[in-house]
K.L.:
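Once you've had a glance at the structure underneath, I'll fire off some questions.
Nothing here was measured: the structure is a model prediction, and the numbers come from that model. Positions are given from 1 along the sequence. As the structure lists them, so they are numbered: ligands from 1, and atoms in each ligand from 1.
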Amino acid sequence: MSKDSQNQANPAAKLWGGRFSEATDAFVERFTASVTFDQRMALEDIQGSLAHAQMLSESGVLETAEFEAIRDGLNAIAEEVRAGKLEWSVALEDVHMNIEARLTDRIGTVGKKLHTGRSRNDQVATDIRLWLRGQIDAIGAELTRLQSGLVELAAKESDTIMPGFTHLQAAQPVTFGHHLLAWNEMLQRDYERLMDCRKRVNRSPLGAAALAGTTYPIDRARSAELLGFSAPTENSLDSVSDRDFAIEFCAFAALLLTHLSRASEELVLWTSSQFNFIELPDRFCTGSSIMPQKKNPDVPELVRGKTGRVNGHLISLLTLMKSQPLAYNKDNQEDKEPLFDAVDTVRDCLRAFADMAPALKPRREVMYEAARRGFSTATDLADYLVRKGMPFRDAHEVVGKSVAFGVAEGRDLSEMSLDELRQFSDTIEPDVFDVLTLEGSVAARNHIGGTAPAQVLAACERARNLLKERH
Ligand code: ARG
């Protein structure tokens, strides 16, 4: 007989089976179990148990020999988990009871002492926090890799001119480096949000027990310290029921993916033959089975698409928590799958972008030509007239007429003669051509946050310093 069918026949085989007189319905058993997904936290569960057992022995609740047997048993189970050899049983419901039962299998009755002074309610909250903290650190490192790639590319492209857009229409020339640094700023804030979230994840709920705390002389600060948490959580009822740290992570994830989706959208546009601004190496693209000419930007498209599922996970968790009375409710078991998928999705998308960023090849001449064609220095002409004493509204009018003339003639402002320009205002003098060139236009926006190449290089330096502080 398999382990699962034995359990089904005999209610007392459950770790909580004492007060039950009939076996769990087979469907209910499957419906209420979480081991198929929460086994992902097995190593964190063991880590939490090791700290709990050590704290119990230091506090005199467990004998030293009992602690040592538990410790060695848990370490051996960790090996089984790593080797993929632990047999998970749905009848044992979740990762916590599977590991506890396995411990008793291996070391005998003393294994049953591990659960002294705790509950699965504080145990699961501890496991998720430990697991998420590790994931946050991995995500932070990947974000740093992506940002470094963007900043280095921005430095290289500090004077590459392209059209800047509003309403997706050419507005004013900017530098490609400046555009890349705009992406970096979004990611910088995402990183800060992630690290802020980490502070709230990194608290220890262990010792809150089922909901009210425990009667044993536990030392919550000690188990927190053993697990590398900054401190124990404050209130036992809140500790076992709070999942807002996971919601907060998903909010971070939704914003990050939103930012990546914006960059993705631009990459999709820019790699199209209509824009042709950027070449995305073949390794990030796929072809079409029917149209031989196609090279599709699948990677940015998928990142854009995956934003939807991460937004969904945020809403799932918010809705899960809404109106839950204190303290722990089984609803909370539903926190894991959305959280796990949000983490996996974020990690994959960051990896894709971090690999892709340094490989983006701008087509500088195409970008330059596009900026030249769009009357993108019209604002510079207006500013020039204002500097010569004309009120801005009048200058706007003069430039509007010049642009209309250019549209009719099929020529950019910089391609008109002085006489042609002077038809609209005799305030215009030969020095106008300094501001009508694209180079003059970007160089003139020379202040913090402006697009001038010198400012882009200075901004890259500041960004590099922020990235360095992370290590
Ligand atoms: N599998 C459960 C969860 O994920 C563990 C906590 C169960 N506690 C309980 N009293 N049923 O939340």
K.L.:
Is the side chain of S376 donor-acceptor paired with the backbone N or O of A371 at a distance under 3.5 Å, no angle test?
P.N.:
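Side chain of S376 to backbone of A371: a pair is present.
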
K.L.:
Has N98 got a side-chain atom pairing as donor or acceptor with D94's backbone, closer than 3.5 angstrom?
P.N.:
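Yes, because the side chain of N98 sits within donor-acceptor range (under 3.5 Å) of the backbone of D94.
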
K.L.:
Checking R193 against F249: charged group under 6.0 Å from the ring centre and within 45 degrees of the axis?
P.N.:
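Geometry flag: not set, cation outside 6.0 Å or 45°.
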
K.L.:
Tell me whether the rings of H179 and F176 are parallel (<30°), tilted (30 to 60°) or perpendicular (>60°).
P.N.:
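Ring orientation of H179 relative to F176: tilted.
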
K.L.:
Heavy atoms only: give me the nearest A208-S239 pair and the separation to one decimal.
P.N.:
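Closest approach of A208 to S239: CB-CB, 3.7 Å.
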
K.L.:
Do the side chain of R106 and the main chain of D72 share a donor and acceptor less than 3.5 angstrom apart?
P.N.:
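Looks like no, no N/O pair under 3.5 Å.
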
K.L.:
When you check ligand 1 against the protein, what N or O pairs turn up below 3.5 Å? List the atom names and distances, or just say none.
P.N.:
| from | atom 1 | to | atom 2 | distance (Å) |
| --- | --- | --- | --- | --- |
| ligand 1 | 1 (N) | S34 | OG | 3.2 |
| ligand 1 | 1 (N) | D94 | OD2 | 3.0 |
| ligand 1 | 1 (N) | Q333 | OE1 | 2.8 |
| ligand 1 | 4 (O) | K336 | NZ | 2.6 |
| ligand 1 | 8 (N) | N121 | OD1 | 2.9 |
| ligand 1 | 10 (N) | N121 | OD1 | 3.2 |
| ligand 1 | 12 (O) | Y328 | OH | 2.5 |

